[in-house]
S.K.: 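Sharing a structure here in structure tokens format.
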Amino acid sequence: MSDTSMAAPAQAGGTPLVTHISEAVIRIAGNSQDGIQAIGGFLARLAGRSEQEVMTFMTIPSTISGGPSIFQVRIGTGEVLSAGDEADMLLCFYQHSYEDHIKSIKLGGIVLYDSDHVTPNPEWQENYRHVGVAISGLTVEAIGGTGRDKGKNIYAMGLLAKIYDLDVPKITKLIQERFSGKDTSIVTNALTCFNAGYSHSLENLLKTYQFKASEGKKPTPGSRPQVVMNGNEALTYGLIAAGVRFGAGYPITPWSDIMELLRKELPKYGGSFIQCEDEIASVSMAIGASWGGRVAVTGSSGPGISLKTEAIGWAVMAEIPLVVVDVQRGGPSTGMPTNVEQSDLNIACFGGHGDSPRVVIAPASVEDCFYTAIEAVNIARKFSTPVIILTDQGIASRIEAFEMPDLEKICQDITPDFTPVADHKPYDLSAADGITRHLAPGTRVASGKYPVVTGLEHDELGHPTGSPKLHVQMTAKRRNKLKKLGADLPTPKTIGPNEGQILLVGWGSSLGPITEAVGRGRSVGDAISGLHIKNLNPLPNGLEEIFQGFRHVFVVELNDEGFYGYGQLGQLLRARYCDPKIRGINKSDGLTWKVKEILDRARALADAVQNGKA
Amino acid sequence: MTSLALPFESLTRTGNLNLVPVPPLPEGERKGLTKKEVAADHPTWCPGCGDFSVLALYFKLIEKRKMHHEKITTVAGVMDNNVYGLTKNQTSPTSPLGYKSKTDAWGSGDRPINPMKQAIAAGATFVARTTHTNPNHVLQMMEAAMDHDGFSFIECLSECVEFYPGAFDGANPRKGGQFPEVPKDHDVTDEYAAYKLAEELMPGKFGIFYKVNRPTKNANEAKIVSTNREKFASLPDWQILQKNFDRMK
Ligand code: SF4
């Protein structure tokens, strides 16, 4: 029943040639219940443990019972900045996965398909090397059960391990770890599947691959190991490292992972996470806890953020430190819940009534999620302000390997201080730094004058006032403290030279693709550079000088071009700098940027501008 | 119904949020708060507003219980007087059917909500009813609520003299109404009996409708935390986190 067929003529002699490669992009396509994510996770973790760089990209159906799903993993011995434009290999389990994704691989790439479910198209067989293996049948042969049972993902993992000469002992360990704590027969079955796949004869395959030893990235003695996780996990652990011990939220994809993990982890530290009846209750509860003396977190995605905006306004007015996580997804409304979009920048920066300045930061990568969470907590505390972390579905579910943080150094103790004070005015207008400081309730004030917090405009002690003079002073105070933060922010560095033709400006998860686009463009002679802005509100100073070095400033965003032709950051930059050379490169297809897409669009837009057509 | 919540001990003293306890206070000759000390603000309400008496009784309670300032957190919102008074006479969720207000020139078409029933249905473990025209009773209810371990809810009728005068006259003996108390034989642990009381029309009954003891959310949460802490308390926080990171190598 073993069936290994292929279109290209077999290599005489039978033993496949070994080709040395520095990176591979593998796309796995099937249905979400097939354990596609598990194979991707194994590959990513293996890369991390092999000191390789790795980046993944996945789509999951928004329906509960499953549906088409893909997981793309790019593993490299050099720098890996994006999940890769075109795959080297497509592993497909069904006819639909085969047909829908064949175009995502390079011409001449390999299609490894389950011949029990896929009938190859003769036309495509000319352009791609087809390798059929009866994955479903062979899995049943190996461990029994039916073709619908689990195991074929692990069998396929065995095939991949053979083709890419992966480290079998390390994979075996990963499989054991993954199923540890479960019935031993599950581990045994998984290993049997893996070994069956690994020893399946692929002698008709033209060649196998071997990753070149990484150059210059050899682990030096004493260097830190890599950890492998996704963005939501990194963000959660960042919050914990920052000292956050209370959170409240309401489930919504893709934010739910964060609250699930916080709920599980916080009690270990003596903290707690509360699932509330709705978004409004959760933001309000987090504000209450923050006011209680220790920064708390709430978060959401999509419509949940809209529901929280009124309370965020309250926190701005009362000047309460608070961290709000927004894992962006396709909107508006329930929109495209499992797709990526960067369309919440406006609501993050400006959502809400009244003049309500707040801080917005967007992490650039999975590793950055960890550190951004800490930065957000510290800004919230230092400036007594709500801080919104604007991450996105792209980073949230993406798996990356990064250097193990030095947790002993990084973890913060932000236990509130209850030392009694003589007197205290939280909204002191004469404070030298202009920043509000609240006492943790429970702190004794010897003068007996205890502050009040309210959403009404207030005087220095927090007592409600209708005084126009105080409203002017307090509004300015709330603005100026964050202007001061803006002035303190470092100016981001350009990717590539700080002058040239085109500057690609991006934020959030676009850092990788933009960096790669710059590299690829420059390698063929384009005078192109990049700029990634992490602090979006307030913006850092010094951007104007950077813009001056370029003929075009193209803001690359995963959102709509809007009425006036610029995306959300594009509009913000235009408003601040009034510079007509700022233009938008936008898209809203729910997918992350491909490097080629960015380069093609940038070149075309530059041409159009030069020809007076844009 | 008034949404002036009763004081609760600050989160910082529950000890289950990994916060340091308040350092021992130099008690000595320190007396409890006086009404004068606690009433920092004089709200800008209309003279004669029922809310004044509710607030005054709350201060009296603090004084009577010899409480200290730093141990009280008061959260207050908009009060319910069967009308939206603050915004100058609009229909509120408790305004009666047919009530004419600025938002209901032809009379309200919504049946009013029943705050008592809603509180019972929502799971409050102490639900009582009182009225601002009977100060002793208000104080009695507040004290009982304070002594209750769990979420306590008191509906306190408070007249808006400006926009809905006479709304609660039916419950005011001085205005020809009545003040019937909850019957002595009422079983406060009987939820259905509590609903029955809550269904009565003006003046209804006054007193404790419902009171049960069951583990509070705080207690349940504290249990989860302490079970976890038993396993991890010997480790500094960073080592607890390190365990997770080590699994992700
Ligand atoms: S409007 Fe009514 S409720 Fe408001 S302060 Fe005046 S009397 Fe009281």
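Below, chains carry the letters A, B, ... as their sequence lines are ordered, and counting in each starts from 1.
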S.K.: Passes side chain to side chain contact (heavy atoms under 4.5 Å, CB included), Met248(B) versus Arg45(A)? Steps please.
M.R.: CA-CA 8 Å; Met248(B) 291 187 289; Arg45(A) 203 137 278 175; 4.3 Å; yes

S.K.: Give the intermediate values and the outcome of side chain to side chain contact (heavy atoms under 4.5 Å, CB included) for residues Asp246(B) and Met404(A).
M.R.: CA-CA 9 Å; Asp246(B) 286 343; Met404(A) 172 86 77; 3.6 Å; yes

S.K.: Roughly how far, to the nearest 0.5 Å, is the NZ atom of Lys71(B) from the CZ atom of Arg444(A)?
M.R.: 10.5 Å

S.K.: Is it the backbone or the side chain of Ile410(A) that comes under 4.5 Å from a heavy atom of chain B, or both, or neither?
M.R.: neither

S.K.: Within the supplied structure, the quantity of interest is the number of heavy atoms (other residues, nucleotides, ligands) at a distance under 6.0 Å from Lys170(A) NZ; does it exceed 12?
M.R.: yes

S.K.: Please determine whether side chain to side chain contact (heavy atoms under 4.5 Å, CB included) holds for the pair Lys268(A) and Lys231(B), giving the CA-CA distance in whole Å, both sets of side-chain angles, and the decisive distance to 0.1 Å.
M.R.: CA-CA 8 Å; Lys268(A) 297 181 184 171; Lys231(B) 282 184 236 151; over 6 Å; no

S.K.: For the CG atom on Asp149(B), are there more than 12 heavy atoms of other groups (residues, nucleotides or ligands in this structure) within a distance under 6.0 Å?
M.R.: no

S.K.: Does Lys217(B), at its NZ atom, have more than 12 non-hydrogen atoms belonging to other residues, nucleotides or ligands within less than 6.0 Å?
M.R.: yes

S.K.: Atom CD in Gln239(B), atom CD in Glu408(A): separation rounded to 0.5 Å?
M.R.: 7.5 Å

S.K.: Rounded to the nearest 0.5 Å, what separates atom OG1 in Thr236(A) from atom CG in Asn244(B)?
M.R.: 10.5 Å

S.K.: So how far is it from Asp406(A) CG to Trp238(B) CH2, rounded to the nearest 0.5 Å?
M.R.: 8.0 Å

S.K.: Let me see the working for Tyr237(A) and Phe245(B) under ring-ring contact (aromatic ring centres under 6.0 Å, His included), right down to the final yes or no.
M.R.: CA-CA 9 Å; Tyr237(A) 292 126; Phe245(B) 275 69; 5.4 Å; yes

S.K.: Got a sec: does the OH of Tyr371(A) have more than 12 other heavy atoms crowding it under 6.0 Å?
M.R.: yes

S.K.: So what's closer than 4.5 Å to chain B heavy atoms on Phe273(A): side chain, backbone, both or neither?
M.R.: backbone

S.K.: Within the side chain of Arg229(B), is there an N or O that forms a donor-acceptor pair under 3.5 Å with the backbone of Pro267(A)?
M.R.: no

S.K.: Against chain B, label Gln412(A) side chain, backbone, both or neither, depending on which of its atoms sit under 4.5 Å from a heavy atom there.
M.R.: neither

S.K.: Of all heavy-atom pairs between Leu241(B) and Cys411(A), which one has the smallest distance, and what is that distance?
M.R.: CD2-SG, 3.8 Å

S.K.: Do the side chain of Tyr269(A) and the main chain of Phe232(B) share a donor and acceptor less than 3.5 angstrom apart?
M.R.: no

S.K.: If you tally heavy-atom pairs under 4.5 Å against chain B, which of Lys409(A), Lys449(A), Glu177(A), Arg49(A) wins?
M.R.: Arg49(A)

S.K.: Using the side chain to side chain contact (heavy atoms under 4.5 Å, CB included) rule, take Arg245(A) and Asp237(B) through it: C-alpha gap first, then chi angles, then the decisive distance, then the call.
M.R.: CA-CA 11 Å; Arg245(A) 294 292 178 267; Asp237(B) 286 359; 2.8 Å; yes

S.K.: Less than 4.0 Å between a side-chain N and a carboxylate O, is that true for Glu221(B) and Arg263(A)?
M.R.: yes

S.K.: Inspect the surroundings of CD in Glu63(B) and state if more than 12 heavy atoms from other residues, nucleotides or ligands are less than 6.0 Å away.
M.R.: yes

